[in-house]
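Working notes, beginning with the structure itself.
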Amino acid sequence: MQFAGITAQLEERYGSAAREVSEGHWVFEVGTASTRSQVVHLILKARTENGQDISRIVANSPVGPLPPRYDLERLLRRNAQLDVGAICVEDFRDDTGNTTVYLTIRASQLMRTADFAEVWEMVDIVARIADQLEREIYATDQH
């Protein structure tokens with residue numbers, strides 16, 4: 001299945017909570033609880049290597065700024081418990097060039113083997129893990 005076909009089905013599923021940011025980049029607001037939701041970016045990373053298509057679909061959800069003195073060992077141990085995705089520490093740059101260290105949840109799927117059900121599940125799981133971590137760390141719905 002092609003990325004456009006998968007995102008068309010996701011857009012149908014999420015309705016007004018789905019929007020295309022640019023070619024190969026979609027954003028979905030996924031309901032995770034009665035009053036909570038989580039933003040998930042779905043990005044196509046197109047790539048070939050040695051003539052073979054190794055493109056990936058990446059689902060990424062921001063959790064929030066890394067708190068000062070946060071226990072990174074605990075975070076790493078938590079990461080090892082995940083069946084899908086990974087907790088990541090990333091540098092986010094704002095419009096003024098300032099960098100903030102951010103926690104995100106990321107999962108990916110090889111494009112050539114992806115189907116709608118797998119990608120939909122990946123988006124949903126990434127949203128739920130990010131929301132749970134966000135709730136534990138910040139106690140508020142940030143994204």
Side-chain angles (χ1 to χ4, degrees), residues 1-50 52-95 98-143:
M1 179 170 255
Q2 297 293 322
F3 185 72
I6 291 171
T7 54
Q9 289 182 52
L10 287 169
E11 182 179 22
E12 187 177 305
R13 169 77 177 137
Y14 290 107
S16 64
R19 77 179 162 87
E20 186 175 22
V21 175
S22 61
E23 185 177 345
H25 182 181
W26 282 77
V27 174
F28 303 95
E29 186 171 348
V30 179
T32 56
S34 61
T35 60
R36 294 179 66 90
S37 64
Q38 191 68 29
V39 171
V40 177
H41 295 262
L42 192 68
I43 301 166
L44 175 62
K45 301 262 183 171
R47 214 171 129 205
T48 58
E49 192 171 290
N50 297 327
Q52 188 175 24
D53 182 11
I54 58 169
S55 299
R56 297 194 76 79
I57 298 174
V58 178
N60 194 21
S61 184
V63 176
L66 181 65
R69 296 177 299 283
Y70 192 74
D71 185 355
L72 295 178
E73 180 181 347
R74 181 175 158 215
L75 191 65
L76 187 58
R77 290 182 186 280
R78 175 80 180 270
N79 209 17
Q81 296 171 353
L82 299 178
D83 292 330
V84 174
I87 302 168
C88 302
V89 177
E90 297 185 56
D91 290 335
F92 280 11
R93 190 174 312 274
D94 65 17
D95 296 336
N98 294 326
T99 302
T100 302
V101 178
Y102 232 75
L103 291 174
T104 65
I105 304 296
R106 178 181 295 175
S108 70
Q109 168 72 37
L110 193 60
M111 182 64 233
R112 72 171 177 257
T113 62
D115 66 17
F116 169 72
E118 289 175 319
V119 175
W120 179 25
E121 179 184 39
M122 183 175 66
V123 167
D124 187 61
I125 289 172
V126 164
R128 292 185 189 289
I129 293 169
D131 187 60
Q132 182 180 17
L133 194 57
E134 183 183 77
R135 203 173 333 137
E136 290 171 14
I137 295 172
Y138 308 103
T140 61
D141 193 5
Q142 296 191 16
H143 296 283

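Starting from 1, each residue takes its place in the sequence as its number. Predicted, not measured: the structure shown is a model, and the values here were computed from it.
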Not counting sequence neighbours, which residues clear side-chain hydrogen bond (donor to acceptor under 3.5 Å, both in side chains) with [X]? List them please.
{"X": "D53", "result": "S55"}
{"X": "Q132", "result": "none"}
{"X": "R93", "result": "T99"}
{"X": "N98", "result": "T96"}

[X] [atom1] to [Y] [atom2] distance, which is reported to the nearest 0.5 Å:
{"X": "Y70", "Y": "L103", "atom1": "OH", "atom2": "CG", "result": "7.0 Å"}
{"X": "S108", "Y": "N60", "atom1": "OG", "atom2": "CG", "result": "10.5 Å"}
{"X": "R47", "Y": "Q52", "atom1": "CZ", "atom2": "CD", "result": "11.5 Å"}
{"X": "R36", "Y": "E134", "atom1": "CZ", "atom2": "CD", "result": "5.5 Å"}
{"X": "L44", "Y": "T7", "atom1": "CG", "atom2": "OG1", "result": "9.0 Å"}
{"X": "M122", "Y": "L42", "atom1": "CE", "atom2": "CG", "result": "5.5 Å"}

Return the minimal non-hydrogen interatomic distance between [X] and [Y], and the atom names on each side.
{"X": "A127", "Y": "T32", "result": "O-CG2, 3.8 Å"}
{"X": "P67", "Y": "Y138", "result": "CD-OH, 3.9 Å"}
{"X": "Q2", "Y": "M111", "result": "C-CE, 3.5 Å"}
{"X": "F116", "Y": "I6", "result": "CD1-O, 4.0 Å"}
{"X": "A107", "Y": "V84", "result": "CB-CG1, 4.1 Å"}
{"X": "A86", "Y": "N79", "result": "CA-OD1, 3.2 Å"}

Which residue pairs satisfy the side chain to side chain donor-acceptor pair (under 3.5 Å) criterion with at least one member in residues 11-22, sequence neighbours excluded?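 Of all non-adjacent pairs touching residues 11-22, those that pass side chain to side chain donor-acceptor pair (under 3.5 Å) are Y14-W120.
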Could you walk me through whether W26 and L10 satisfy the side chain to side chain contact (heavy atoms under 4.5 Å, CB included) test, starting with their C-alpha distance in whole Å, then the side-chain angles of each, then the deciding distance to 0.1 Å, before giving a yes or no? CA-CA 10 Å; W26 282 77; L10 287 169; over 6 Å; no
Can you name the residues that form a side-chain contact (heavy atoms from CB on, under 4.5 Å) with [X], not counting sequence neighbours?
{"X": "I105", "value": "V63, I87, V126, I129, A130, L133"}
{"X": "T100", "value": "P65, Y102"}
{"X": "T113", "value": "Q109, L110"}
{"X": "D71", "value": "E73, R74"}

Any sub-3.5 Å donor-acceptor pair from S61's side-chain atoms to V39's backbone N or O?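 At least one qualifying donor-acceptor pair exists.
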Take R128 and Q38, measure what side chain to side chain contact (heavy atoms under 4.5 Å, CB included) needs, and give me the verdict at the end. CA-CA 8 Å; R128 292 185 189 289; Q38 191 68 29; over 6 Å; no
Pairing residues for [X] by the salt bridge (Lys or Arg N to Asp or Glu O under 4.0 Å) criterion, not counting sequence neighbours:
{"X": "R56", "value": "none"}
{"X": "E121", "value": "none"}
{"X": "E136", "value": "R78"}

Evaluate side chain to side chain contact (heavy atoms under 4.5 Å, CB included) for V101 paired with D91, printing each intermediate quantity in order. CA-CA 5 Å; V101 178; D91 290 335; 3.6 Å; yes
Between L72 and L66, is a side chain to side chain contact (heavy atoms under 4.5 Å, CB included) present by the stated rule, with each step listed? CA-CA 10 Å; L72 295 178; L66 181 65; 4.1 Å; yes
D83 vs I125 side-chain heavy atoms within contact, under 4.5 Å: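 The answer is no, as the side chains (C-beta and beyond) never meet within the 4.5 Å cut-off.
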